[in-house]
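Comments concern the structure below.
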Amino acid sequence: MLGFGADLLWADMNRLLAFLFHQGVLDEQFLQLQQLQDHTSPNFVSEVVNIYFHESEKLLNNLRSLLMEREFSDYKKIEIHLNQFIGSSSSIGAKRVTSVCIAFRAASEQDNRAGCLRALEMLEHEYCYLKNKLHELFQIEQQRALAAGVRYPMQHQ
């Protein structure tokens, strides 16, 4: 008999994913990423997403550093970082992060420093929300995998 908790955890994962899709946090690209995961690479999605998080932290730090410079005027550098952020975010299905990056880029194209600072704050908020929710999802997934692997002895009568 398989661990009965695995079914409950599977339902929790599906509820959380449905919630994130309903909120517009994720899009269908995330599902496509999940379809690439199989028994030969059971941690594929979490590994890809962790690379995304690592690279995103660098991009956020670069954006923050550029905007905090006293004599800031190089909006092209901002746009380069944002284009990288847009590409990586859309590749994992981070829909709201991608949308905020696009709005941020629009402010940058208008050389609007105040708009860029507001957009950076929104981007940091959306990124942290995404990161927390995906970590929650991966924790449930790990628990489900462990629970599915636990076998209980059959009762012989």
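Note that the structure is a prediction, hence the values are computed from the model and not measured. Hydrogens, waters and symmetry mates are skipped; everything else that's a heavy atom, side chains included, is used.
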Notebook entry, point to check: In chain order, what residues pass the side chain to side chain contact (heavy atoms under 4.5 Å, CB included) check against N132, with sequence neighbours excluded?
Noted result: none
When you compare the side chain of [Y] with that of [X], does any pair of heavy atoms fall below 4.5 Å?
X: K133; Y: Q23; result: no
X: I92; Y: Q29; result: no
X: L66; Y: E69; result: yes

Margin query: Set out, in order, the CA-CA distance, both residues' side-chain angles and the distance that settles side chain to side chain contact (heavy atoms under 4.5 Å, CB included) for Y127 and L59, then state yes or no.
Written below: CA-CA 11 Å; Y127 170 77; L59 290 170; over 6 Å; no
Notebook entry, point to check: Who passes side chain to side chain donor-acceptor pair (under 3.5 Å) against R144, sequence neighbours left out?
Noted result: none
Item checked: With N112 via side chain to side chain donor-acceptor pair (under 3.5 Å) - residues at least two apart -> none
Next item on the list: To the nearest 0.5 Å, tell me how far F72 CZ sits from L117 CG.
Entry: 9.0 Å
Notebook entry, point to check: Could you give the distance from SG (C116) to CG (L120), rounded to the nearest 0.5 Å?
Noted result: 9.0 Å
Notebook entry, point to check: Between E55 and K58, is the closest basic N to carboxylate O distance under 4.0 Å?
Noted result: yes
Note to self: I'd like to know if the side chain of S88 and the backbone of F85 have a donor-acceptor N/O pair within less than 3.5 Å.
What the structure shows: yes
Item checked: D12/R15 under side chain to side chain contact (heavy atoms under 4.5 Å, CB included): CA gap, chis, key distance, verdict -> CA-CA 5 Å; D12 287 346; R15 269 192 297 278; 2.4 Å; yes
Next item on the list: Write down the atom of F21, the atom of L26, and the distance for their closest heavy-atom approach.
Entry: CD2-O, 3.6 Å
Item checked: Contact list for residues 90-104, test side chain to side chain donor-acceptor pair (under 3.5 Å), sequence neighbours left out -> R96-E126
Item checked: Listed once per pair and sorted, the salt bridge (charged side-chain N to carboxylate O under 4.0 Å, His left out) pairs that draw on residues 24-35, sequence neighbours left out -> none
Check: Who pairs with H135 by ring pair (Phe, Tyr, Trp, His ring centres under 6.0 Å), at least two apart in sequence or on another chain?
Finding: F53
Checklist line | Parallel, tilted or perpendicular, as decided by the 30° and 60° cut-offs, for the rings of Y129 and H125 | finding: parallel
